[in-house]
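For ligands, and for the atoms within them, numbers begin at 1 and follow the listed sequence. Count residues from 1 along the sequence.
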Amino acid sequence: MPVKITQAKVIVTCPDRNFVTLKIETDEGIYGIGDATLNGRELAVVSYLEDHLIPCLIGRDANQIEDIWQYFYRGAYWRRGPVTMSAIAAVDTALWDIKAKKAKLPLYELLGGKCREGVMVYGHANGQDISETLEEVSKYIELGYKAIRLQTGIPGLKSTYGVSKDKMFYEPADANLPSENIWSTAKYLKHTPKLFDKAREKFGFDHHFLHDIHHRLTPIEAAKFGKSVEDYNLFWMEDPTPAENQEALRLIREHTTTPIAIGEIFNTIYDAKDLIQNQLIDYIRTTVVHAGGISHLRKIAALAELYQVRTGSHGATDLSPVCMGAALHFDISVSNFGIQEYMRHTDKTDDVFPHSYTFKEGMLYPGDVPGHGVDIDEELAAKYPYQPAYLPVNRLEDGTMWSW
Ligand code: CS2
Ligand code: MG
């Protein structure tokens, strides 16, 4: 029995940071929502949805999730890219939400059911220096986290990735035009291994420690870093080098056993196909919101499963609670789940996006309400208009543009 899409709208709100949400309504009175937030390029996705996808959505059968996905992917002619795939992701997520609500089931039941009771998550401990970072690690251990990402300031650098003033909510889009950061690989490579040496000395090996290099090393520098931290048994080193050239990861692989996680900026399976098939990575970080939605993320996870690569989806503050909610239904249902990033949202954000997921002792639980379990309070959302905000850019000390 078709479920006709009667209207769709994009809701832009900024409760402490910008979020873009697509809401699809049907002739059965059931609606679904999907995250379409692309940090620093939000308005491009708004236009892609409002000007190009929504006009083609009205009147379609909401049941036909895969056909609509294919229509928007193949039908665009100009395929792939973060804007296109975030827009398609929002449609896909909203349609899965509708299908699950209509079936009166939590979404994971439509994805094959639970493979585990809860979803292991990791939080972000960061500090201006090693001792402040270790203090933050203690706080996350007290909160019950089993896995913690550690990022610390680098002596001689004014700022670096992942170190924020606000400890619980890391928001890098910090200005209405890109702020300029300065980077030194030499200073980073000299200092960061000491962080993990001190952390393991203080906390032992009972917790998973993760680290995000954020695309800043060349392959041989990343190999050097990976080797230098092998004794500290990292759960993973993330984005060690820019991965457009997937083959570059082979050089890192040949030199170190430190596990590698990549993919938060990927938007289709093709960005990761060679990495996965050649087992050049251990975790794929693609997300519901930026990699084409639940339908496409399941295909990436299925390919990864063949090569013993596990999921480790991105979950920064700039991915909305709608993405987090949908991600947890995906996470709990895939067999090759690895870990889920969980950077908490502010109370203001959570008020706009009421949700059924809960945190307990280092795990997130999606909840059992029909759908993905996240809603949007449109009246409250309207109180927080869009605020222009850009991610920083990064330069080497000699002024050369570098990866942020
Ligand atoms: C980071 C993100 O969470 C992570 O792993 O890479 O903080 C990333 O910098 C932001 O999501 C970019 O908007
Ligand atoms: Mg990252």
Side-chain angles (χ1 to χ4, degrees), residues 14 16-20 35-45 82-83 85-86 89 121-126 136 140 145 147-152 159-175 178-179 181 183 188 192 208-217 222 225 234-243 259-267 271-272 281-291 311-324 327 338-346 349 387-394 402-404:
C14 187
D16 289 325
R17 73 145 350 264
N18 293 311
F19 294 108
V20 178
D35 185 17
T37 308
L38 184 63
N39 201 357
R41 294 296 183 273
E42 290 87 356
L43 299 185
V45 185
V83 173
M85 299 315 291
S86 299
V121 294
Y122 71 89
H124 284 201
N126 69 77
E136 292 302 306
Y140 275 92
Y145 281 82
I148 302 155
R149 190 186 84 168
L150 283 71
Q151 307 287 139
T152 186
S159 66
T160 190
Y161 166 72
V163 179
S164 65
K165 295 171 284 304
D166 191 327
K167 292 300 167 225
M168 283 306 272
F169 314 105
Y170 177 55
E171 176 44 70
D174 58 3
S179 50
N181 289 190
W183 173 253
Y188 168 82
T192 306
H208 299 303
F209 285 162
L210 302 87
H211 182 64
D212 193 346
I213 301 174
H214 222 259
H215 323 276
R216 299 183 178 199
L217 302 182
F225 177 83
L234 264 60
F235 186 88
W236 78 35
M237 61 176 172
E238 177 185 337
D239 285 329
T241 196
I260 298 172
I262 275 190
E264 69 180 51
I265 64 171
F266 291 173
N267 49 77
D271 295 329
I281 57 173
D282 301 279
Y283 298 91
I284 181 67
R285 299 236 325 123
T286 36
T287 66
V288 168
V289 60
H290 297 134
T311 67
S313 288
H314 185 205
T317 314
D318 47 281
L319 284 63
S320 94
V322 180
C323 177
M324 181 52 76
I339 198 168
Q340 169 67 50
E341 179 176 6
Y342 176 45
M343 281 170 73
R344 292 164 182 258
H345 293 101
T346 65
T349 296
Q387 306 274 339
Y390 280 79
L391 287 169
V393 296
N394 207 16
W402 202 245
S403 300
W404 173 72

*Hey, looking at atom 12 (C) of ligand 1, which of Thr287, Leu38, Ile265, Asp318 has the closest heavy atom?*
Asp318
_Nearest non-hydrogen protein atom, atom 1 (C) of ligand 1_ = Tyr161 OH, 2.8 Å
*Nearest neighbour of atom 8 (C) of ligand 1 from the list Met343, Glu264, Arg285, on a heavy-atom basis*: Glu264
*For Glu264, what is the atom name of its N, O or S atom nearest to the Mg ion (ligand 2)?*
OE1
*Quick one: does ligand 1 sit under 4.0 Å from the side chain of Trp404, the backbone, both or neither, non-hydrogen atoms only?*
side chain
*Relative to atom 5 (O) of ligand 1, which among Arg17, His124, His215, Glu238 owns the nearest non-hydrogen atom?*
Glu238
*Considering the heavy atoms of Asn39, write down every atom of ligand 1 situated less than 4.0 Å from one of them.*
13 (O)
*Which heavy atom in Gln340 sits nearest to a heavy atom in Ala327, and how many Å separate them?*
OE1-CB, 3.8 Å
*Mind checking whether Arg41 contacts ligand 1 via backbone (N, CA, C, O), side chain (CB onward), both or neither, at a 4.0 Å heavy-atom cut-off?*
neither
*Side chain, backbone, both or neither: Leu391 near ligand 1, heavy atoms under 4.0 Å*: side chain
*With ring centroids as reference points, do Phe235 and Tyr283 lie under 6.0 angstrom apart?*
yes
*Asp212 atom OD2 and Glu238 atom OE2 as seen from the Mg ion (ligand 2), angle to 10 degrees*: 90°
*asked:* Suppose I only count heavy atoms of Asp212 and a 4.0 Å limit; which atoms of ligand 1 are within that range?
replied: 1 (C), 4 (C), 5 (O), 6 (O)
*asked:* Do Arg216 and Trp183 form a cation-pi contact, if we require the NZ or CZ to be under 6.0 Å from the six-membered ring centre and within 45 degrees of the ring's axis?
replied: yes
_NZ/NE/NH1/NH2 to OD/OE distance under 4.0 Å, Arg149 and Asp212_ = yes
*Near His214, which atoms of ligand 1 are under 4.0 Å from a heavy atom of that residue?*
1 (C), 6 (O), 8 (C), 9 (O)
*Mind running ring-ring contact (aromatic ring centres under 6.0 Å, His included) on Tyr122 and Trp236 for me, showing each step along the way?*
CA-CA 12 Å; Tyr122 71 89; Trp236 78 35; 5.5 Å; yes
_Protein contact to atom 3 (O) of ligand 1 [nearest heavy atom, distance to 0.1 Å]_ = Glu341 OE2, 2.4 Å
*How close do Ala222 and Leu217 get, heavy atom to heavy atom, and via which atoms?*
CA-CD1, 3.7 Å
